[in-house]
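Here is the structure we will look at.
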Amino acid sequence: MCGIVGYVGEQPALDVVLSGLRRLEYRGYDSAGVAVQTPEGGLAVAKKAGKLANLEKMLAEQPLPEGTVGIGHTRWATHGGPTDANAHPHVGGAGKVAVVHNGIIENFARLRVDLAERGHLLTSETDTEVVAHLLAEATDAQLAAGSGTLDLAEAMRGVCRKLDGAFTLVATHADAPGVVVAARRNSPLVVGRGEGENFLASDVAAFIEHTREAIELGQDQVVELTREGVTVTDFHGNPGEYREYHVDWDASAAEKGGYDYFMLKEIAEQPKAVADTLLGRIDANGSLTLDELRIDHSVLREIDKVVIVACGTAFHAGLIAKYAIEHWTRIPCEVEVASEFRYRDPILDQQTLVIAISQSGETMDTLMALRHAREQGAKVLAICNTNGSTIPRESDAVLYTHAGPEVAVASTKAFLTQLVACYLVALYLGQVRGTKWGDEIFEVIRQLADAPKQVEQVLTTMEPVRELARSLADAKSVLFLGRHVGYPVALEGALKLKELAYMHAEGFAAGELKHGPIALIEEGLPVVVVVPSPRGRSVLHDKIVSNIQEIRARGARTLVIAEEGDDAVVPYADHLVRIPQTPTLLQPLVATVPLQVFACELATAKGHEVDQPRNLAKSVTVE
Ligand code: F6R
């Protein structure tokens, strides 16, 4: 949430900062702003409510002076509405210092009162503005003490020690030319190292066109950026530890590549994302080699419970993982939305394996859940797509998904790769604990290896789904039904439709419908039904065929997703979408794809911006 950029170098800072913000706009699009150090030794600030395009238009009409040091921000509003006044940067010290912020400063109200008592005039409703004024006070105090030079990093450290909450802060000061400083606590911040230039951002995407050399910072650290170098300390000025890494994707991966929307591109990338996530995880003998898990086999053998924590789409991946984990390993598995987890005092101990699933690796609810789990002695395994992010860093082990950067707010390729990672973990547990024979594991791996081809096949047959979606643009509501692993797929289909098309959509376990929700069925109501394979557990299939008949008898218009060769559903399907034959547990890999396409097309037909749905942002870094 909120995208942050900082730059010190030789290029025009405004160009670098704006292009970085363009790549980070998925993190928030309520307002945007920039500040640059001017050649005359001042700061120039511009900010505007609404999307980045509004700011760019304003800058085209009223250009800022050129400078080579700058900061920028794209906002997802928390404190104060999305207005010009609440947009970042916020300034203090009569405009000498500018600050951008991601996160929430929990003690801002008290700090604000104190500042007002000391004569500061705060003009916005944000929590961020207090930081600008505190920094101005600290730098004024340095100058008054007669040191002559201004140490902005030291001022930032002092301010951070006064703050509660989660924050990434980036600041620049007119009297510290050539310097940008930043601080982080529980909120994302990465450094990009260039030649004669350095970068700061919420996400490497912001500077990937300039450098692929990045630094992962630790918690409670302050970083000072100059053209010559990067200095990292803790909040007390002690040298800080950090990890340098090379980003393994390039700028083209974070561009639309000819597609109208990132979401369309990311849906199309799913076969490759699934293949990449499987790559290198199977050895020559057909055994799984997840050495990167870094959890001792003896520990994995002792596990007596698995708990999965995640949010939104990642939570749905967790729901599907439960079926695979329990079936293949016979270890009881619970799945819980991360935001509820720690508040109910869950029962955890050293024999519990907690799996935290997150695309961004920064979701605060998931981070807090995993911290709670570790405090209780549980081992935490992260399934994550973002190298260098906080969730894997704070976990005992990590299995990275290799989806590449996911820019559209609605998660698609990350979901499919999360499923693959969950299947791999479940099989690995089965392998280590001996609950599955080697040849059984090999058979599932072989089936998983077919998934990229099968997803590709689904993608080539989506035109009727798009046509159907367009015809439903005026529907008031769409229901989604599934059984077994099809139930979380139904939930995911409904979530996609809600967030993109802003229409009422709900997913139900098909058997649960008759316990209440069937009352919603009325003439012509579109109901999407995810049908399990008739070749697997035929009882599941037969039951859902009865459920389809029940809703059809009450007037529902049935949109049936069923595998090739399943003829039993034909008489009851008003619209039939075919998916390739897969084993029951793996069906979500193919059954989810038509639902993604459906939601994307329906939202487009309604004229919505599918990459940036209203009120949402990717990477939710507040609780
Ligand atoms: C929905 C969506 C969200 C995320 C959720 C968790 O399309 O993208 O529901 O899945 O916010 O995000 P991560 O996976 O980054 O923890």
Side-chain angles (χ1 to χ4, degrees), residues 1 3 24 26-28 76 186-188 202-203 205 261-264 266-267 270 273 277 308-321 335-341 354-370 380 382-395 398-401 403-419 421-422 480 488-489 491-502 505 507 592-593 595-600 603 608-623:
M1 259 163 190
L24 294 187
Y26 68 86
R27 301 180 73 90
W76 187 84
N186 289 335
S187 191
S202 315
D203 176 337
Y261 304 109
F262 278 107
M263 185 175 176
L264 290 173
E266 288 161 9
I267 288 173
Q270 292 185 112
T277 301
I308 301 179
V309 288
C311 303
T313 290
F315 169 68
H316 296 154
L319 290 175
I320 293 165
V335 192
E336 186 152 357
V337 282
S339 54
E340 287 296 317
F341 181 67
V354 171
I355 303 179
I357 309 176
S358 174
Q359 187 285 129
S360 62
E362 300 291 350
T363 300
M364 186 57 84
D365 293 313
T366 311
L367 179 62
M368 289 306 179
L370 84 81
V380 176
I383 290 178
C384 183
N385 195 44
T386 311
N387 199 335
S389 59
T390 309
I391 287 173
R393 207 171 43 228
E394 295 204 10
S395 299
V398 56
L399 188 68
Y400 279 109
T401 51
E406 193 179 62
V407 179
V409 165
S411 188
T412 52
K413 61 177 179 171
F415 177 70
L416 257 58
T417 60
Q418 284 162 355
L419 292 180
C422 288
F480 294 77
V489 171
L491 294 175
E492 175 61 7
L495 175 62
K496 284 286 152 303
L497 203 58
K498 275 182 252 198
E499 68 180 321
L500 295 170
Y502 318 152
T592 310
V593 177
L595 304 185
Q596 299 167 340
V597 172
F598 180 73
C600 184
H608 297 168
E609 284 196 45
V610 293
D611 284 341
Q612 296 175 350
R614 71 179 178 205
N615 303 337
L616 290 169
K618 209 164 180 73
S619 192
V620 184
T621 52
V622 294
E623 260 191 289

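All ligand and atom numbering here is 1-based and tracks the order in the structure. Hydrogens, waters and symmetry mates play no part in the numbers below; they use all other heavy atoms, side chains included.
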Which of the numbered atoms in ligand 1 are under 4.0 angstrom from any heavy atom belonging to [X]?
X    : answer
E499 : 1 (C), 7 (O)
A314 : 10 (O), 14 (O)
S358 : 13 (P), 14 (O), 15 (O), 16 (O)
Q359 : 13 (P), 14 (O), 15 (O), 16 (O)
T363 : 12 (O), 13 (P), 15 (O), 16 (O)
K496 : 1 (C), 7 (O)
G312 : 9 (O)

For this session: Taking the side chain as every heavy atom from C-beta outward, state whether V407 and D611 have any pair of such atoms under 4.5 Å apart.
Result: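 No. Closest side-chain heavy atoms not under 4.5 Å.
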
Look at the side chain of [X] and the backbone N and O of [Y], then say whether any donor-acceptor pair between them is shorter than 3.5 Å.
X    : Y    : value
R393 : G388 : yes
E406 : A414 : yes
Y502 : R614 : yes

Exercise. With a 4.0 Å heavy-atom cut-off (strictly under), which part of E362 contacts ligand 1: side chain, backbone, both or neither?
Worked result: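 The answer is neither.
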
Exercise. Are any of the N/O atoms in T366 less than 3.5 Å from those in ligand 1?
Worked result: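 No, no N or O pair falls under 3.5 Å.
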
Problem set entry | V409, any N or O under 3.5 Å of ligand 1 N or O |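 Min N/O separation from ligand 1 is below 3.5 Å for V409.
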
Within this structure, what is the [atom1]-[atom2] distance for the pair [X] and [Y], rounded to the nearest 0.5 Å?
X    : Y    : atom1 : atom2 : answer
T621 : D365 : OG1   : CG    : 10.5 Å
D203 : S360 : CG    : OG    : 9.5 Å
I383 : T401 : CD1   : OG1   : 8.5 Å

Checking a contact table here: which protein heavy atom is nearest [atom], and how many Å away?
atom                    : answer
atom 11 (O) of ligand 1 : V620 CG2, 4.2 Å
atom 2 (C) of ligand 1  : T313 OG1, 3.7 Å
atom 15 (O) of ligand 1 : S360 OG, 2.7 Å

For this session: Report yes or no: does C311 have a heavy atom closer than 4.0 Å to ligand 1?
Result: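 Contact check C311 vs ligand 1: positive.
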
For this session: Verify the distance criterion only: is there a donor paired with an acceptor across the side chains of K496 and T313 at less than 3.5 Å?
Result: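 T313 and K496 do have a side-chain donor-acceptor pair below 3.5 Å.
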
Exercise. Under the side-chain contact (heavy atoms from CB on, under 4.5 Å) criterion, do T412 and M263 qualify, and how do the steps go?
Worked result: CA-CA 7 Å; T412 52; M263 185 175 176; 3.8 Å; yes

